[in-house]
Structure formats: C-alpha cells, structure tokens
Protein chains: 2
Amino acid sequence: MAQIKIDHVTRKFGKNEVLKDISFELEPNKIYGLLGRNGAGKSTLLNIMTTRIFASSGKVTMDQQSVVENDDILADMFLMSEVDLYPERMRVEKIFKQAELCYGSFDYKKAYKLAEEFGVKLTARFGGLSTGYHSIVKLIVALCVPVNFVFFDEPVLGLDANHRELFYQELLQSYEERPRTFVISTHLIEEIAQIVEHVFILDQGKIVIDDETQAIIDRSYAITGPKKAVSDYSVGLNVIGHQTLGGLRTDYIYGDLDDERVIPDTIKIEHVDLQKLFVYLTEGSVNYVKE
Amino acid sequence: MAQIKIDHVTRKFGKNEVLKDISFELEPNKIYGLLGRNGAGKSTLLNIMTTRIFASSGKVTMDQQSVVENDDILADMFLMSEVDLYPERMRVEKIFKQAELCYGSFDYKKAYKLAEEFGVKLTARFGGLSTGYHSIVKLIVALCVPVNFVFFDEPVLGLDANHRELFYQELLQSYEERPRTFVISTHLIEEIAQIVEHVFILDQGKIVIDDETQAIIDRSYAITGPKKAVSDYSVGLNVIGHQTLGGLRTDYIYGDLDDERVIPDTIKIEHVDLQKLFVYLTEGSVNYVKE
C-alpha cells in the first residue's frame, strides 16, 4: 500500500516564507485532519502535494518516487480545492464525465445517488450554483474518483447543517466501502473531531502538532479555579492560553500534567475539545491587539 | 425608533416561487437569526429588503413607508452580502472611504482597530484576499457604517475558528456601544444560538418559525428510550424526526408536551439544541433518498 512522504518542504512567495521545512507522512487508509488559521499555508501545502504548484525546496514522494511529473502517482491523488476550477457553463453531468476522462474511471452510480441526496440537478450549469452547491459538486467528484489519496480543502464551505451532516456520513460510508486515505482541511474543527484519526496543525508555516486525535485530546486540559490557586498549580506547565472571569481563572494546558503535584480542592481539571485547543494554540498567529 | 415590516412578500424567478407570502417584523435594537437550508430563499429575502431586487408582490416598509426608491430609508440599512461586490483591484482603505461616501459617515477608528485585530492590511487589494478575508473586510464595513439595520448574509464564510469567535465578540461589543438591529443569516447555527434573541426559520420559501430563541429551545425535545415506549409516548405529539440505534429510539418533538401524559421510567426527555432542531425541522426540504 502506497505511502506519501512530505520531506523538508519549504515554499516562498517573494520574501514571504509560507511553508517552513514541513515534514510528515500519510499512511494508507487513514483519515487525517489538516488544521490551520486563515493564511497558515494549508492550501499551499495541498497544492504542492498535488503538483499544482512547486516547493521552493524539499520534496513530496509516494513510495520513494517524487510526485513531480509522475503521471502514475498523480492519477492516484485528487484535490478538491477551495478554488472553483470548472468553467461556468459546464453542466454537472459533464463535470462527472471529465473526471472519468482524467482518472480512467468514475463511480457514476454513487455520484448519481449523492447528487440526488444533496439535491443537485445533473443538468445544472456550474456557474449558476451557489457557493454551497459548488462545494457539493466538487465533493461528489472527490468521493467518486478511483484514487487512494483524496484531499479536501474546505469541503463544507457554504453547506447548511443538514448537508454537512450528510457529507460526514457519506465520507465515512465511502471509507468503509473502499478504505483509502483522506485529508480534510477545514475551519469547522468540532464537526470533524469525531471523524479524523490523526491531526496535523499547521501554524505560521510550521507543523506544530502531528499526532493521533485521541492522544491530542488526552493532553489538552482546562484548569479552573480561584486565580492564585490556578496560577500556582500551572507553574512550569505548558500554558497555551488563559481566561479570567471575576475572581476565577482558567489556564489552558497542552502537554502532560505533573503527577507529583497536589491538586487543591478548589480547582477543577477537565479536558478541552479540539477546537478550543486549536484556538489557544494558534492565538498569537495574527497581530491581535487584545486587552 | 424605526421598525421594518415585511408584508406578504412573494418572489418568483420564472415559474419557481422562491418566497411564498412572507410576513414578519424587525424591532429596533434586537439581534435576529435568519436560518434556512441552502436555497431556502434567505439571500433573496435580504436582497428584497434592501431593494437590490424587487418582490413579485407584497411590500417592505420602514415605519409605514415603502423602502422602494426611498433614499432616506435605504441609507439606514446595510447588507453584507455573500456576493463580493467590490472591484478586485480596490484596496481595503478605499473600500472604507467608499462606505463613508455612500453612508455619510464611517467609524474609521473602529474599522482600523478591527483591521488590526483580524490581521487585514489596509493597503491589500480586495481581489488578492482569500474567501475568509473577503468576509472579514465586508463585516468590518458592516460594523462601521452609521445605520440602524445591519443584515449579515453568511458573515463567517471561510473564517477560521479564532476569527469567528472574534467576530461574535466584536458584534456584541458594537451592539452594546450602539444598540441597533442585526439580522444574521448563517449555516453555523450552534455558534450564534447564544447571540440571537429571536429566530426566523425559512423553509422552502415560507417562514416556519418566528419566535424568541429561548421559547424555541423550551419547546424542542428529544425523547429517548426503548422503541415501543417512545412511540407510545409520542403519539399525537408533533414529531419532526427520529433516530433508532439498536433497540433504542429517539423522537424529536417541536411543540408542547402533554402534561397529563405519564412518563415511563424507561424514557428520558431532554431539550435539543437549535441546530439539531433546525436539521430535523427542515430535513424533508431537499429530495433526500435515505434508508
């Protein structure tokens, strides 16, 4: 089974280094989350992996072979990008046909079923559809091409709550029917926390977290209690953020707690969810001026 | 204080009746949520209220005066639309200036503060920004124009989790500083449930719910237990959806329960959140083919 390796990839746009020495691996048949702030470099990374753009240095390989100018490898990857690449006047059924031409085969049966479930007319022209329906057409194609690596860049942009639930269900069902590797890049972190096995967090061009989802949540804590008690308890721990409300303080920790430390009765220790962890971990990444 | 009234508004596009006899009112200084599936007619409704398009019949008035061709009224309303209306080459600072020209004044102090918090460069050209930053520029303008009615159509489209939190905070702070009426149309229902006082749900061109947020949640229930016990209990109640898992069944109810009815020990009654209610209420609205 094929494996993709991202090996010391950097990418500059002019003076701006958008990706800084990125390395990680994608295993076969696994669902990954790729999380990051707006502008963190997620789309650039996905574009490099699928050779839509090139790395300034470093390389991407599948089973030791470079992806660059390698048609066999590229035929095994599909990127559903946030950008709309289809001509405005192209009809949905023609988009499916085009996918078949590019990838050699296409699961029309599933595509028609999904089109019906999501309420997309096969004769509709792409340009006449709303943002939400653009996403829907693109994600149907992504689920029906015969590749082993599917990358979703903002798959649920503009989708209503019902359609988002339907997408997550269909993704899992498609994965069960034909296990392959999915990478989901999204801003709706809470909604995919149950779906992704492994999470990469990209922040300011660097991978700051690369771990199993459960392991990440196991190491994420909120310590709440009277200000002084909390500050005393947290000394030396990896505090990534805090909130105060009157006399109460919450410290957010990412990392192991100190088992030797006595926990006073006045403080409460809970796990925090993935979205909260993400927000605190990446908080400094834009030039906030906060009180 | 001004009040807006939507009075038996219908709108047809060809044979397709997108809005069907819509009536409701917007009070001064209140935050509303306008919820609906993709294609439910939300954007059409907001466009009619701000005279970007016209109703096929019915009317929109502010204090008994029609909004149509009434510059004084239109100067008191702002629509942040999902569509990008600014020229690609226009710089952010020019967009602020243009808003001042259109609306007579503009809160530059707040706009500069928000631009800094969200990390938007004033010299950036609109066309060079990502989807998320398009939304950010547009919502900054919406918060800084001197109007009493601000309509947001998908304000957080493409925003990362941190920026969404920041927007909700800034919206509430702006409301505190200068109370006015906000209408927020969004697919991220859970995130605005705490912010909006009153909710309209638009489904297939009709208003199906027009009520205070708390009143809606008070009337939304999930009844869970053994299949037969749940079905027996729910007879005659307004069941809007159900789920089964093994021998367990959950019925979702919207409406009052029957106080006379005995609740068996085996079933559990809980309130459901706004997003779940929305999903079940509007589930039939596209041509789903579900098992």
Side-chain angles (χ1 to χ4, degrees), chain A residues 35-40 42-43 82-84 112-121 129-136 153-154 156-166 169 173 186-191 241 273-291, chain B residues 35-40 42-43 82-84 112-121 129-136 153-154 156-166 169 173 186-191 241 273-291:
Chain A
L35 310 179
R37 303 285 314 262
N38 282 120
K42 303 184 299 296
S43 301
E82 207 193 332
V83 185
D84 294 329
Y112 292 157
K113 175 178 160 276
L114 291 172
E116 195 165 356
E117 285 182 356
F118 280 104
V120 184
K121 271 193 196 140
L129 300 171
S130 66
T131 307
Y133 275 98
H134 284 170
S135 300
I136 287 170
D153 196 3
E154 289 295 333
V156 297
L157 190 77
L159 262 63
D160 63 40
N162 313 47
H163 280 157
R164 296 200 304 275
E165 270 195 18
L166 182 60
Q169 279 168 27
Q173 197 181 320
T186 182
H187 292 309
L188 302 190
I189 300 174
E190 260 323 279
E191 296 193 346
D273 62 43
L274 193 61
Q275 182 159 313
K276 202 106 203 152
L277 171 74
F278 174 86
V279 167
Y280 282 104
L281 259 183
T282 61
E283 191 68 32
S285 307
V286 286
N287 45 345
Y288 272 107
V289 186
K290 273 200 152 170
E291 290 114 89
Chain B
L35 310 180
R37 304 285 314 261
N38 281 121
K42 302 182 304 293
S43 300
E82 205 195 331
V83 185
D84 294 328
Y112 292 157
K113 175 179 160 275
L114 291 173
E116 195 165 354
E117 284 182 356
F118 280 104
V120 183
K121 273 194 194 139
L129 300 171
S130 66
T131 308
Y133 275 98
H134 284 170
S135 299
I136 287 170
D153 196 3
E154 289 292 334
V156 297
L157 191 76
L159 263 62
D160 63 40
N162 314 47
H163 279 157
R164 295 199 305 274
E165 269 194 20
L166 182 60
Q169 280 169 26
Q173 196 180 321
T186 182
H187 291 310
L188 302 191
I189 299 175
E190 262 321 282
E191 296 193 346
D273 61 43
L274 194 61
Q275 181 158 313
K276 202 104 201 152
L277 171 73
F278 174 87
V279 168
Y280 282 104
L281 258 181
T282 61
E283 189 68 31
S285 306
V286 285
N287 47 344
Y288 273 107
V289 186
K290 271 198 155 173
E291 290 113 89

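Treat the numbers as computed from the prediction; the structure is a model and nothing was measured. Letters A, B, ... are given to chains in the order of the sequence lines, protein chains preceding strands, and every chain is numbered from 1.
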*Run the numbers on L188(A) and R164(B) for side-chain contact (heavy atoms from CB on, under 4.5 Å), then give the verdict.*
CA-CA 10 Å; L188(A) 302 190; R164(B) 295 199 305 274; 3.7 Å; yes
*Calculate, to the nearest 0.5 Å, the distance between atoms CG and CD belonging to N162(B) and E283(A) respectively.*
5.0 Å
_Taking side chain as everything from C-beta outward and backbone as N, CA, C, O, which of these in E190(B) sits under 4.5 Å from a heavy atom of chain A? Side chain, backbone, both or neither._
neither
*Identify which part of E154(A) has an atom lying under 4.5 Å from any heavy atom of chain B, answering side chain, backbone, both or neither.*
neither
*Candidates L129(A), D160(A), T131(A) - the one meeting side-chain contact (heavy atoms from CB on, under 4.5 Å) with N38(B)*: D160(A)
*State, to 0.1 Å, how close G158(B) and L157(A) come at their nearest heavy-atom pair, and which atoms those are.*
N-CD1, 3.6 Å
*Does H187(B) reach the side chain of H163(A), with side-chain heavy atoms less than 4.5 Å apart?*
no
*Under a 4.5 Å cut-off applied to non-hydrogen side-chain atoms, are K276(B) and E165(A) in contact?*
yes
